[in-house]
Amino acid sequence: MQNSILQQVKQYKSIFILAPVFMIISGLMETMIPLMTTRIVDYGIEKSDMGEVLRWGGYMLIFAVSALITALIGYVLSAKASSGLAANLREGLFKKVQSFSFSNLDKYGVSGLVVRQTTDISNIQTAAQTILTQFFKTPVAVVYSLILTVQLNKRLSLVLIAGVFLIGIFLSVIIIKSIVMYREVYEDYDALNEHIQENVTGIRVVKSFAREKAVSESFDSKAAAVKKGFIRVERLLAFNNPIMMLSLEFCFIGIAWIGAKFISAGEMSVGDLTGFITYAFQIMTYMAMLVLSFVQLSSSFASVKRVQEVFSEEPSVTFPEDESPEMEDGSVEFSKVSFRYGEGNGENVLEDISLRIKSGEMIGIVGATGSSKTSLVNLISRLYDAKEGQITVGKRDVKEYDEDSLTKNIAVVLQKNLLFSGTIMENLRWGKSDATIKECEEACRFALAESFIKEKEGGLNYYIAQGGSNLSGGQRQRLCLARALIKKPKILILDDALSALDTATEARIRLSLKEDLPDMTKLIITQRVGSVREADRILVLSKGRICGFDTHENLIRDCEVYRELCIAAEGKEAS
Ligand SMILES: Nc1ncnc2c1ncn2[C@@H]1O[C@H](COP(=O)(O)OP(=O)(O)OP(=O)(O)O)[C@@H](O)[C@H]1O
Ligand SMILES: [Mg+2]
């Protein structure tokens with residue numbers, strides 16, 4: 001796994017070196033051109049020698065064309081290197097995110113990761129292009145131009161150097177100020193991005209709660225902050241040009257005034273003065289370019305930091321490298337397990353959990369909302385790792401299995417189900433990539449999805465829209481169940497995964513799971529307490545602790561929490 005932005009450059013190392021080299025050569029050639037002007041004036045025009053004009057004119061043309069060609073090569077190489085870097089970064093970042101566990105994902109959030117993949121990488125690409133084309137070339141060209149002006153006339157060059165120095169100080173102040181301002185603008189920009197991401201992704205919920213006005217108002221205020229910030233920076237940067245021009249005019253006046261004196265004293269030729277003025281102009285242009293590059297780079301610092309942060313993130317769940325043992329059966333054992341979300345010393349959401357589930361058992365898991373039912377089952381398939389204690393699956397520590405072996409043998413239908421754009425068949429094959437049509441049909445029959453699929457145009461080839469939006473909630477749940485069953489897992493975990501089905505359909509599914517798949521361990525989390533009554537045993541959770549694990553009859557007799565849950569459920573059903 002590549003863990004830094006710099007490693008993504010490796011593949012383009014030689015282009016990253018060559019591009020600035022070509023740009024520097026082009027810059028040096030450009031700076032030679034005013035020297036030719038001095039020769040044309042002094043040796044050609046002053047002495048009315050057409051031959052000299054043509055000779056130096058010819059050299060000038062050669063330098064100009066060479067500067068152009070080398071610059072062109074430099075630009076092409078830079079474009080190749082920067083877009084290659086961006087492609088590598090996108091790929092690297094995408095792979096990195098795939099290796100993340102749920103707790104890594106919690107840390108960044110979906111929108112944070114999307115912004116890094118898109119806007120931030122584009123910023124880095126632009127910054128790389130600027131560095132390669134301008135960053136090395138312009139300082140070298142400025143210094144070389146200054147050396148050439150010293151050679152033309154030492155004393156006059158002091159005026160230019162003093163001018164460059166003063167402008168340099170002034171521009172540095174502007175650059176530093178604008179970098180600070182840019183950083184603030186980009187923080188506001190991030191907030192705006194996150195807002196867009198969250199509210200566009202959740203637009204249906206926004207609409208169903210008629211929150212459009214509130215969401216738009218909050219968007220407006222965030223967009224206004226970004227606008228205000230950009231105007232502030234642009235206003236500061238707007239000083240750049242007038243100041244550069246003013247300094248240039250002063251430099252010209254100074255150079256022309258002193259130069260004219262030197263010429264009348266016979267200490268300087270007209271050609272040298274012409275060259276001098278051209279150099280002054282060139283140096284200022286280079287400096288203006290350098291300022292722009294700095295400003296552009298400063299806006300990408302935050303992006304570099306954010307992308308690097310993801311690259312350096314260590315996946316919080318790692319799997320063993322060596323060959324994974326076969327999972328013997330579907331037994332599960334927790335021994336003194338505690339768990340909390342995030343790093344540090346937050347509060348435990350699971351406390352001292354010890355339990356033993358035999359292979360093939362059907363277990364119902366019930367408890368009030370927030371009692372850590374999801375947190376408990378997430379530890380079995382290692383979506384998160386326990387902080388303390390040990391979890392054993394198939395008679396081995398869950399940490400001994402590699403990722404493939406765990407996902408193959410443990411199928412989880414999450415509380416927040418998701419289908420992907422593609423046909424029904426393609427979605428089912430997420431469970432088993434080489435599943436035959438017969439296997440797909442069989443899984444659908446089990447999940448009672450067969451009848452509605454038949455009604456859809458194309459059957460198993462019916463196209464599911466992004467997120468499964470063209471299916472009903474219950475149809476989505478049945479397909480998610482079929483996708484899990486197709487793996488023929490040893491352990492099946494249903495996290496409130498049948499909640500959108502009517503009670504009769506749910507009961508039929510549970511019955512066929514129990515009777516037709518006796519070897520598969522089934523863990524069924526449900527809010528409908530009554531629906532797991534016939535499970536072999538029921539685990540009752542309260543505030544992250546086990547307060548009962550027995551059959552329905554025994555729990556009704558011994559477990560206060562379970563009794564209350566049942567009474568509440570009956571009340572709900574009655575009403
Ligand atoms: N990703 C997370 N980051 C931080 N805290 C979390 C996270 N997920 C859940 N929690 C917290 O952990 C506790 C247990 O949540 P969990 O989702 O396990 O409950 P649950 O029993 O499945 O509830 P429900 O019946 O509503 O699905 C809650 O207090 C919740 O706020
Ligand atoms: Mg839950």
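Values reported hereafter were calculated over all heavy atoms of this structure, with side chains retained and with hydrogens, waters and symmetry mates removed. Counting begins at 1 with the first residue of the sequence. Remember, it's a predicted structure, so these values are computed and weren't measured experimentally. Every number for a ligand or one of its atoms is a count from 1 in the order of the listing.
In this structure, the protein non-hydrogen atom closest to atom 24 (P) of ligand 1 is Thr369 OG1, 3.6 Å. The protein heavy-atom contact nearest to atom 13 (C) of ligand 1 is Val349 CG1, 3.8 Å. Ranking the protein heavy atoms by distance from atom 22 (O) of ligand 1 puts Thr374 OG1, 2.6 Å first. Counting protein heavy atoms only, atom 9 (C) of ligand 1 is closest to Tyr341 CE1, 3.4 Å. Of the protein's non-hydrogen atoms, the one nearest atom 27 (O) of ligand 1 is Gln415 NE2, 2.7 Å.
Remark: Arg537 is positioned above the aromatic ring of Phe549, its terminal NZ or CZ atom under 6.0 angstrom from the ring centre and at most 45 degrees off the axis.
The nearest non-hydrogen atom to atom 14 (C) of ligand 1, considering only Ser103, Ala368, Ser372, comes from Ser372.
By the definition of a contact as any protein heavy atom under 4.0 Å away, atom 1 (N) of ligand 1 is in contact. Inside a 4.0 Å radius of atom 30 (C) of ligand 1 there is not any protein heavy atom.
Annotation for Asn104 and Glu314: closest pair ND2-O, 3.1 Å, computed over non-hydrogen atoms. For Arg563 against Arg557, the heavy-atom pair with the smallest separation is NH1-O, 3.0 Å. Here the closest heavy-atom approach between residue Tyr462 and residue Asn470 is recorded as OH-ND2, 3.2 Å. Taking each heavy atom of Leu471 and Arg476 in turn, the nearest pair found is O-NH1, 3.2 Å.
Looking at residues two or more places apart in sequence or on another chain, you find no side-chain hydrogen bond (donor to acceptor under 3.5 Å, both in side chains) involving Gln125. With sequence neighbours left out, the salt bridge (charged side-chain N to carboxylate O under 4.0 Å, His left out) criterion links Arg232 to Glu184. For Glu91, the side-chain hydrogen bond (donor to acceptor under 3.5 Å, both in side chains) partners two or more places apart in sequence, or in a different chain, are Lys95.
Looking at Gly370 next to ligand 1, an N or O pair under 3.5 Å apart turns up.
Atoms of ligand 1 lying under 4.0 Å from any heavy atom of Ser375, numbered from 1 in the order shown and given with element: 14 (C), 15 (O), 16 (P), 18 (O). Less than 4.0 angstrom separates some heavy atom of Tyr384 from each of these atoms of ligand 1: 1 (N).
Other residues, nucleotides and ligands contribute more than 12 heavy atoms inside 6.0 Å of the CD atom of Glu333.
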Discussion item. Working note: Phe100 + Phe102, criterion ring pair (Phe, Tyr, Trp, His ring centres under 6.0 Å); need CA distance, chi angles, decisive distance, verdict.
Written reply: CA-CA 7 Å; Phe100 278 3; Phe102 274 35; over 10 Å; no
Discussion item. If you apply the rule ring pair (Phe, Tyr, Trp, His ring centres under 6.0 Å), what do you find for Phe301 with Tyr182, and how did you get there?
Written reply: CA-CA 10 Å; Phe301 283 161; Tyr182 258 120; over 10 Å; no
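Using 4.0 Å as the threshold, Ser371 has a heavy atom nearer than that to some atom of ligand 1. Judged by the shortest distance from any of its heavy atoms, Phe339 lies outside the 4.0 Å radius around the atoms of ligand 1.
Ring pair Trp430/Phe420 is parallel by interplanar angle, where below 30° counts as parallel and above 60° as perpendicular.
For the Mg ion (ligand 2), the nearby protein N/O/S atoms, meaning those under 2.8 Å, are Thr374 OG1, Gln415 OE1.
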